[in-house]
Amino acid sequence: MVSSSDPRVLRENVPLHSLSTLGVGGAARWFARAETSEDVQTIHEWSVEHDLPLFVLGGGSNLVISDEGFDGLVMSMGVTGVVMSGPDDAPRVSAGAGESWDRLVESVVARGLSGVECLSGIPGTVGGTPIQNVGAYGQEVASVIERVVAFDRSQSELTELTSADCGFSYRRSRFKSDDAGRFIVCGVSFRLTRSTPALTYPDLTAELGRRGITSPGPGDVRDAVLTIRRRKGMVLDADDPDTRSVGSFFMNPVVTVEDRDRVADLAGDRVPGFAAAGGRVKIPAAWLIERSGIRKGQGEPTVGLSTKHPLAIVNRGGATSRDVIRFAVQVKRAVLEWSGIPLRPEPVFVGLDGDEDVEFLQKAQHG
């Protein structure tokens, strides 16, 4: 049982909107903070004992929370700590799930380590990175994750999973698909290197070129990535209303070459894209959105696209989760009707199980 004398103390009716970067949503019926893996187990057991659904809250940067809130127990992940070990040329960096992701990236880049520099500026916590298989500018966190320490709710015990155990694919993992809800990530270990960063994205190489940097180190890459992300409103800034979002709302779709060519015929232009596994092609969702007729800054009084980037749906002030979902549906329908390609959302929808609009957003096929 959770007592009132420790950090796991239960609180009732805690508003959640201020705990998410999008700034929408109602209250949690129950709320508790876990600062150790033992806390995680204790809070989990309390939710089971009281037959309550459990949701684990990290940095709140990838959530659309129901206006009615969450009728269960929200566990705020506060497990922290960073430890470096192993050889100097390929160190292991182990971090608690509650650590700030970008502060961790800043710390390892300052030590001259490579492997996560392109993931600079991404909000949220370490624990969310394996769940989403966070990626940007040609890097995916799956490429450097060595193991994940998680609480297995089905077995009521801590377990370690290797990278191979995690079932990583583009923006997905077993934590988000087959075993959604089974594991609570408590810590992640990364294997980094001191090698020269390998760069593939044109935006990034162009930014470095403008700076006259031909042999960039991880610090150079981080600075360039942060500059690009700020330009697109993708770095949290209280003074920039375009950052009141979940970042990229839709994933870049991976399509067949035939689909790419069909869309090129519709556009009367070359389709930008990158080679993906299985001979497929990854097309920028932002390009599809704009080609479907929806422009940056377009929207309604309370919700719309960022003025800086068409992938970000922004709470302009006073938006509800229903406003956000309704606008996201409009964007997906526009792209689907123009191109036949269904965009899939990046954020997690909390307290919205069975919602028809959310089911449409998550649907991977037409019809």
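What you see below is based on every heavy atom in this structure, not just the backbone, and it leaves out hydrogens, waters and symmetry mates. Predicted model only: the values in this text are computed from it and were never measured.
When the side chains of ILVMFWY residues are joined at heavy-atom separations under 4.5 Å, either directly or via intervening members, Val348 and Val148 end up in two distinct hydrophobic clusters. In the hydrophobic cluster analysis, where Ile, Leu, Val, Met, Phe, Trp and Tyr join through side-chain heavy atoms closer than 4.5 angstrom, Leu199 is grouped apart from Val105. No path of Ile, Leu, Val, Met, Phe, Trp and Tyr side chains, each step under 4.5 Å between heavy atoms, connects Trp101 with Val246, placing them in separate hydrophobic clusters. A continuous path of ILVMFWY side-chain contacts below 4.5 Å connects Val335 to Ile313, so both sit in one hydrophobic cluster. Taking hydrophobic clusters as Ile, Leu, Val, Met, Phe, Trp and Tyr residues chained together by side-chain heavy-atom distances below 4.5 Å, Val263 does not share a cluster with Val254.
Arg174 contributes no side-chain N or O that, together with a main-chain N or O of Phe168, makes up a donor-acceptor pair within less than 3.5 Å. Judged by distance alone, with hydrogens and angles left aside, the side-chain atoms of His309 form a donor-acceptor pair with the main-chain N or O of Leu311 at under 3.5 Å. Using a distance-only test at 3.5 Å, with no hydrogens or angles considered, a donor-acceptor pair links the side chain of Tyr170 to the main chain of Asn252. Using modelled atom types, one side-chain atom of Gln298 and one backbone atom of Arg295 make a donor-acceptor pair closer than 3.5 Å. No donor-acceptor distance shorter than 3.5 angstrom exists from the side chain of Asp89 to the backbone of Arg194, with no hydrogens or angles considered. The closest donor-acceptor contact from the side chain of Arg260 to the backbone of Thr256 lies at 3.5 Å or more, if one exists at all. Remark: side-chain polar atoms of Asp357 are not paired, donor with acceptor, to backbone N or O of Arg326 under 3.5 angstrom. Using a distance-only test at 3.5 Å, with no hydrogens or angles considered, no donor-acceptor pair links the side chain of Arg92 to the main chain of Ser189. Without hydrogens or angle criteria, Thr129 side chain to Val126 main chain gives a donor-acceptor distance under 3.5 Å. A donor-acceptor pair under 3.5 Å is formed between the side chain of Lys332 and the backbone N or O of Leu361.
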Please set out all donor-acceptor pairs under 3.5 angstrom arising from side-chain atoms of residues 16-30, sequence neighbours excluded.
| unit_1 | atom_1 | unit_2 | atom_2 | d |
| --- | --- | --- | --- | --- |
| Ser20 | OG | His17 | O | 3.3 |
| Ser20 | OG | Gly23 | N | 3.1 |
| Thr21 | OG1 | Ser245 | O | 2.7 |

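Within 6.0 Å of atom CG in Asp265, more than 12 heavy atoms from other residues, nucleotides or ligands are found, so the atom counts as buried in its surroundings. More than 12 non-hydrogen atoms from other residues, nucleotides or ligands lie less than 6.0 angstrom from CD of Glu157.
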*From CA spacing to verdict: side chain to side chain contact (heavy atoms under 4.5 Å, CB included), Met77, Val40*: CA-CA 8 Å; Met77 176 53 67; Val40 170; 3.9 Å; yes
*Using the salt bridge (Lys or Arg N to Asp or Glu O under 4.0 Å) rule, take Arg322 and Asp355 through it: C-alpha gap first, then chi angles, then the decisive distance, then the call.*
CA-CA 10 Å; Arg322 182 52 50 197; Asp355 183 279; 2.4 Å; yes
*Output, in order, the C-alpha distance, side-chain angles, deciding distance and verdict of ring pair (Phe, Tyr, Trp, His ring centres under 6.0 Å) for Trp287 and Phe274.*
CA-CA 13 Å; Trp287 184 87; Phe274 303 90; over 10 Å; no
*asked:* For Trp46 and Leu52: C-alpha separation, side-chain torsions, deciding distance, then whether side chain to side chain contact (heavy atoms under 4.5 Å, CB included) applies.
replied: CA-CA 8 Å; Trp46 192 90; Leu52 290 169; 3.5 Å; yes
*Go through the steps for Val144 and Arg191 under the test side chain to side chain contact (heavy atoms under 4.5 Å, CB included), then give the verdict.*
CA-CA 5 Å; Val144 293; Arg191 183 67 73 177; 5.8 Å; no
*Please report the C-alpha distance between Arg291 and Asp269 in whole Å, then the side-chain angles of each, then the deciding distance to 0.1 Å, and finally whether the salt bridge (Lys or Arg N to Asp or Glu O under 4.0 Å) criterion is met.*
CA-CA 11 Å; Arg291 285 297 180 133; Asp269 195 5; 2.9 Å; yes
*asked:* Applying salt bridge (Lys or Arg N to Asp or Glu O under 4.0 Å) to Asp102 and Arg222, what does each step give before you reach the verdict?
replied: CA-CA 10 Å; Asp102 192 54; Arg222 174 175 167 80; 3.0 Å; yes
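Between Ser37 and Val79, every side-chain heavy-atom pair lies at or beyond the 4.5 Å cut-off. Arg171 has its side chain within reach of Glu140: a pair of non-hydrogen atoms, C-beta onward, lies under 4.5 Å apart. The shortest side-chain heavy-atom distance between Met251 and Lys282 does not fall under the 4.5 Å cut-off. By the 4.5 Å heavy-atom criterion applied to side chains, Pro218 and Val221 are not counted as neighbours. In this structure, the side chains of Lys308 and Lys296 stay at 4.5 Å or more apart for every pair of heavy atoms. Looking at heavy atoms from C-beta onward, Val185 lies out of side-chain contact with Val56 at the 4.5 angstrom threshold. Side-chain contact between Val149 and Val188 is absent, with no heavy atoms from C-beta onward closer than 4.5 Å. Side-chain atoms of Arg229 and Ile122, non-hydrogen and from C-beta on, do get closer than 4.5 Å to each other.
Between the side chains of Ser154 and Asp152, a donor-acceptor pair is found at a separation under 3.5 Å. Side-chain atoms of Asp242 and Thr307 form a donor-acceptor pair, as typed in the model, at a separation below 3.5 Å. With 3.5 Å as the limit, one finds a donor-acceptor pair spanning the side chains of Thr302 and Asp323. Checking Thr227 against Arg211 by side-chain atom types alone, a donor-acceptor pair falls below 3.5 Å. For the 3.5 Å distance criterion, the side chains of Asp240 and Thr243 fail to qualify, holding no donor opposite an acceptor.
Listed here is the closest heavy atom pair of Ser173 and Ser177: O-OG, 2.8 Å. Nearest heavy atoms, Leu158 versus Cys186: CD2-SG, 4.0 Å. Shown here for Arg33 and Gly78, the closest heavy-atom pair between the two residues is NH2-CA, 3.4 Å. Taking all atoms of both residues into account, the shortest heavy-atom contact from Ser321 to Ile65 is CB-O, 3.1 Å. Residues Pro91 and Leu113 come closest through the heavy atom pair CG-CD2, 3.6 Å. Annotation for Pro253 and Leu288: closest pair CG-CD1, 3.6 Å, computed over non-hydrogen atoms.
Remark: Ile289 CD1 to Ile294 CD1 distance equals 7.0 Å, nearest 0.5 Å. With rounding to the nearest 0.5 Å, the separation of CD in Gln330 from CD1 in Ile325 is 12.5 Å. Summarising the geometry, atom OG belonging to Ser114 is positioned 8.0 Å from atom CG belonging to Leu192; distances are rounded to the nearest 0.5 Å. To the nearest 0.5 Å, atom CH2 of residue Trp338 and atom CG of residue Leu266 are 5.5 Å apart. One distance of note links CG of Asp165 with CG of Asp179; it measures 10.5 Å at 0.5 Å rounding. How far CZ of Phe327 is from CZ of Arg316: 7.0 Å, rounded to the nearest 0.5 Å.
Between Phe183 and Phe175, the two ring planes are perpendicular [angle over 60°; tilted spans 30° to 60°].
Every residue two or more places apart in sequence or in another chain was checked for a salt bridge (Lys or Arg N to Asp or Glu O under 4.0 Å) with Arg103, and none qualifies.
Salt bridge Asp203/Arg231: absent, no basic N to carboxylate O contact under 4.0 Å.
As a member of the Ile/Leu/Val/Met/Phe/Trp/Tyr network built from side-chain separations under 4.5 Å, Val235 groups with Leu226.
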